[in-house]
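What follows is one structure encoded as structure tokens, with my remarks underneath.
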Amino acid sequence: GAELFLLVSVAQRREVGWKISPLIITANWVKCIYLSIASLATVVASITGILAIEGVVGMMALSLLLYLRWGIVRETMEFSPRGAVAMIGGLMVVYIGAAVLATILLAVLVVATGGEAFEAIANSV
């Protein structure tokens, strides 16, 4: 949600808000492709026992994700190449910030419940 908020905010500021639907749709499809490739690499690594497969293919998939998102942002928001790189950097900061916040909140939950919440989550999976 934080990534979408950033994309919508920047699109409105650049007065290309009417292009936000194609931007969100293409960004989501690209993420779906990335997750499919990364998941497949995880499955292959688990089956073969060669964990390096996951790392190598995961980095290649991440590179593809960043390249495609760069192109999508550049075309839909009418950015210069430098502006598109800055936007991708901003998206990465937002994503990492959201992940850190979620981790902190999970740690607080685990500490507050004495680990019972973590056990309940682990047992439900």
Side-chain angles (χ1 to χ4, degrees):
E3 288 178 316
L4 292 177
F5 177 76
L6 178 62
L7 289 172
V8 170
S9 299
V10 172
Q12 288 175 341
R13 222 173 234 204
R14 293 187 59 79
E15 297 180 357
V16 291
W18 60 275
K19 290 185 174 184
I20 199 65
S21 292
L23 172 68
I24 292 171
I25 291 167
T26 53
N28 285 340
W29 273 108
V30 166
K31 196 164 200 174
C32 180
I33 292 168
Y34 160 72
L35 291 173
S36 298
I37 294 170
S39 298
L40 182 61
T42 302
V43 169
V44 171
S46 298
I47 291 171
T48 62
I50 304 171
L51 300 179
I53 291 172
E54 183 179 11
V56 170
V57 174
M59 289 302 293
M60 290 171 37
L62 182 61
S63 299
L64 177 65
L65 171 74
L66 292 175
Y67 175 73
L68 291 175
R69 278 214 168 165
W70 174 80
I72 291 166
V73 166
R74 184 169 179 219
E75 288 298 317
T76 56
M77 290 198 194
E78 301 169 1
F79 274 122
S80 67
R82 217 184 264 174
V85 168
M87 185 69 203
I88 295 300
L91 287 171
M92 290 173 66
V93 167
V94 165
Y95 179 78
I96 291 168
V100 167
L101 180 62
T103 303
I104 290 169
L105 292 175
L106 181 60
V108 168
L109 178 66
V110 169
V111 169
T113 62
E116 293 172 10
F118 182 71
E119 289 175 20
I121 293 169
N123 291 334
S124 69
V125 175

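For reference, positions follow the sequence shown, starting with 1.
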Partner set under side-chain hydrogen bond (donor to acceptor under 3.5 Å, both in side chains) for Ser63, not counting sequence neighbours: none

Could you work out, with side-chain hydrogen bond (donor to acceptor under 3.5 Å, both in side chains) as the rule, every residue matching Glu78, not counting sequence neighbours? Lys19

Under a 4.5 Å side-chain heavy-atom rule over Ile, Leu, Val, Met, Phe, Trp and Tyr, are [X] and [Y] clustered together?
{"X": "Val73", "Y": "Met92", "value": "yes"}
{"X": "Met60", "Y": "Leu66", "value": "no"}
{"X": "Val43", "Y": "Val56", "value": "no"}
{"X": "Tyr34", "Y": "Leu64", "value": "yes"}
{"X": "Trp29", "Y": "Val8", "value": "no"}

Does [X] reach the side chain of [Y], with side-chain heavy atoms less than 4.5 Å apart?
{"X": "Met77", "Y": "Leu7", "value": "yes"}
{"X": "Arg69", "Y": "Met87", "value": "no"}
{"X": "Val100", "Y": "Ile104", "value": "yes"}

If you take all heavy atoms of [X] and [Y], which pair is closest and at what distance?
{"X": "Phe79", "Y": "Ala84", "result": "CB-N, 3.7 Å"}
{"X": "Glu3", "Y": "Val94", "result": "N-CG1, 3.8 Å"}
{"X": "Ile37", "Y": "Ala61", "result": "CG2-CB, 3.6 Å"}

Testing Leu35, Ile33, Val30 one by one against Leu65 for a side-chain contact (heavy atoms from CB on, under 4.5 Å), which residue passes? Val30

May I have the step-by-step check of side-chain contact (heavy atoms from CB on, under 4.5 Å) for Leu101 and Leu105, ending in yes or no? CA-CA 6 Å; Leu101 180 62; Leu105 292 175; 4.1 Å; yes

